[in-house]
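The next block holds one structure in the form of structure tokens; read it before the comments.
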Amino acid sequence: MAKNNGKFTLFFMLFILALTLCLVIGMDKCEFATKKVAFDSNCKVADYDIDNKSDNNFLSMSKTSTKDVASGKKIELLCLMYHNVVGNTQKQGNYEVKQSVLEEDFKELKKLGYKCVDRKSLFDIVNKKQTGKYVMITFDDGFYGVYKYVPSLLEKYDMKCLVSVVGEFMDRQDKLTYRTRCSYMNTNEVRELAKNKRVEIAHHSYNFHHIQDGRRGVKIKKDETNDKYTQVFKEDTQKLTSKLNGLGVKVKTYCYPYGEFCRESERVLKGLNYQMTMTCVEKVNYLENKNSLFLLGRINRSANYQNITNLINKACNKK
């Protein structure tokens, strides 16, 4: 009898352990699910929870019907998010691609029927309801590799791009006399790149490209009032805006660091007459009007993906 009781006790303990493990895994999955973007069969965002100060309807959702998608009667915008570009003999990282890889991407996008656009042309496209497949090439953080390798490829393949810069990174590079593979552009290089008609310089914050003091990127803190946040975010935004204005650059696009945003950040930027904002929500965008150009989703171009088609299929949750 004692032996049976021992077996029962062991079985009961194993059962409790298994149940606890299932609950923990379940909680982790639930936590992940609240942050993950859900895609439907047409690769459109189904739901996205911004934060506890926002409602679930704040992120503008495409109203393009399944019928329109199937028939091709839509304005489809694929935004690709690159970071650094390195030489062909260098090793690629998660946020780096070789010059040759970028060139192959440009070739493949053309074969897939995508037309490369910038912010200005997008306004004309949505105003005139010009349905089709469009792609926007973006580079975050203002790496020197973009300055060094990208312009010649833009010219060769008749492409355009958007380069978002961080004021703090530019200032830091101004004080350095050496280069590494992870160097950023200095102020003069940003000025020179901005003269290229194929390049638009975008805002990536002055000093918010951090995760510190309870803030991730520009997102409002949990214990921060809307008024305080508005003041802090507006000051940071205007600081880089003034710096870029001094270079002859007028910025109309804001790329959120880490893709983090909130209702208040959108209010500030719209009040400052920004025309487009970009997140890191991995989705293909379906546009209806100029309001569709806010909170655009972008797909990170990691070197881990073999090619653009593979990347798009992964982001669209296709097998």
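Values below: every heavy atom of this structure, side chains too, minus hydrogens, waters and symmetry copies.
More than 12 non-hydrogen atoms from other residues, nucleotides or ligands lie less than 6.0 angstrom from CD of Gln212. The 12-atom threshold is exceeded at NZ of Lys129, counting heavy atoms of other residues, nucleotides or ligands nearer than 6.0 Å.
Partners of Glu104 under the salt bridge (Lys or Arg N to Asp or Glu O under 4.0 Å) rule, at least two apart in sequence or in another chain, are Lys107. Applying the salt bridge (Lys or Arg N to Asp or Glu O under 4.0 Å) rule to Arg198 yields the partners Glu155, Asp158; only residues at least two apart in sequence or on another chain are considered. Not a single salt bridge (Lys or Arg N to Asp or Glu O under 4.0 Å) links Asp213 to another residue, sequence neighbours left out. Every residue two or more places apart in sequence or in another chain that forms a side chain to side chain donor-acceptor pair (under 3.5 Å) with Tyr206 is listed here: Asp171. By the salt bridge (Lys or Arg N to Asp or Glu O under 4.0 Å) test, Asp118 is found to be paired with Lys160, residues two or more places apart in sequence or in another chain being considered.
In this structure, the separation between OG1 on Thr253 and NE2 on His203 is 11.0 Å, given to the nearest 0.5 Å. Atom CG of Leu102 and atom CG of Leu154 lie 8.0 Å apart (nearest 0.5 Å). Taken from CD in Glu200 to CG in Leu162, the straight-line distance is 4.5 Å, to the nearest 0.5 Å. Distance check, rounded to the nearest 0.5 Å: CD1 of Ile220 to NZ of Lys228 gives 12.0 Å. Here the CD1-CZ distance, from Ile137 to Arg298, works out to 11.5 Å after rounding to the nearest 0.5 Å. Here the CG-CG distance, from Leu77 to Leu293, works out to 8.0 Å after rounding to the nearest 0.5 Å.
Pairing each heavy atom of Cys182 with each of Glu96, the nearest pair is SG-OE2, 4.2 Å. Contact between Arg191 and Leu247 at its shortest, heavy atoms only, is NH2-CD2, 3.2 Å. Between Asp140 and Cys255, the shortest heavy-atom contact is OD1-CB, 4.2 Å. Across all their heavy atoms, Gly167 and Leu240 have their closest contact at CA-CD1, 3.7 Å. Nearest heavy atom pair, residue Leu244 against residue Val190, reads CD2-CG1, 4.2 Å. The two residues Asn84 and Val86 come nearest to each other via the heavy atoms ND2-CG1, 3.9 Å.
Thr138 contributes a side-chain N or O that, together with a main-chain N or O of Leu80, makes up a donor-acceptor pair within less than 3.5 Å. Side-chain N or O atoms of Gln173 include none that pairs as donor or acceptor with a backbone N or O of Met170 at under 3.5 Å. Between the side chain of Lys234 and the backbone N or O of Leu272 there is no donor-acceptor pair closer than 3.5 Å. Here the side chain of Glu282 pairs a donor or acceptor atom with the backbone of Asn300 at under 3.5 angstrom. In this structure, Thr277 contributes its side chain and Leu295 its backbone to a donor-acceptor pair below 3.5 Å. Within the 3.5 Å criterion, the main-chain N or O of Gly271 finds no donor-acceptor partner in the side chain of Arg267. Asn285 places a side-chain N or O within 3.5 Å of a backbone atom of Gly297 that can act as its donor or acceptor partner.
A salt bridge between Lys239 and Glu235 is absent, with no side-chain N of the basic residue lying under 4.0 Å from a carboxylate O of the acidic one. With respect to the salt-bridge test (charged N to carboxylate O, under 4.0 angstrom), the residues Arg301 and Glu108 do not qualify.
Side-chain contact between Tyr258 and His209: present, with at least one pair of heavy atoms (C-beta onward) separated by less than 4.5 Å. Inter-residue side-chain proximity for Tyr286 and Glu76 is flagged as met; some heavy-atom pair is nearer than 4.5 Å. Looking at Ser121 and Lys115, their side chains never come closer than 4.5 Å, going by heavy atoms from C-beta outward. Side-chain contact between Ser205 and Phe233: absent, with no pair of heavy atoms (C-beta onward) separated by less than 4.5 Å. Contact annotation: the side chain of His210 approaches that of Asn207 to within less than 4.5 Å [non-hydrogen atoms, C-beta and beyond]. Within the 4.5 Å cutoff, the side chain of Tyr82 has no heavy atoms near those of the Val150 side chain. Residues Asp141 and His204 form a side-chain contact, since some pair of their non-hydrogen atoms from C-beta on lies under 4.5 Å apart. Counting heavy atoms from C-beta on, the side chains of Lys252 and Lys120 never come closer than 4.5 Å.
Side-chain atoms of Tyr254 and Glu266 form no donor-acceptor pair, as typed in the model, at a separation below 3.5 Å. In this model, a donor atom of one side chain and an acceptor atom of the other lie less than 3.5 Å apart for Arg119 and Gln275.
Cation-pi geometry between Lys110 and Tyr157 is not met at under 6.0 angstrom from the ring centre and within 45 degrees of the axis.
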### Query
When you look at Tyr229 and Val218, which way does the side chain to side chain contact (heavy atoms under 4.5 Å, CB included) test go after all the steps?
CA-CA 9 Å; Tyr229 173 80; Val218 308; 4.0 Å; yes
#### Entry: Criterion side chain to side chain contact (heavy atoms under 4.5 Å, CB included) on Phe294 and Leu269, from CA distance to verdict
CA-CA 10 Å; Phe294 288 94; Leu269 294 175; 5.7 Å; no
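Within the structure, every pair that satisfies the ring-ring contact (aromatic ring centres under 6.0 Å, His included) test and touches residues 87-117, not counting sequence neighbours, is listed here: His83-Tyr95.
Partner of Tyr184 under the ring-ring contact (aromatic ring centres under 6.0 Å, His included) criterion, out of Tyr144, Phe143, Tyr147: Phe143 alone.
Put simply, Leu287 and Met81 are part of two different groups of oily side chains (I, L, V, M, F, W, Y) that touch within less than 4.5 Å, one to the next. Follow the hydrophobic side-chain contacts under 4.5 Å out from Val165 and you never reach Leu176; the two are in separate clusters. Ile211 and Tyr256 fall into different hydrophobic clusters, where Ile, Leu, Val, Met, Phe, Trp and Tyr side chains are chained together by heavy-atom contacts under 4.5 Å.
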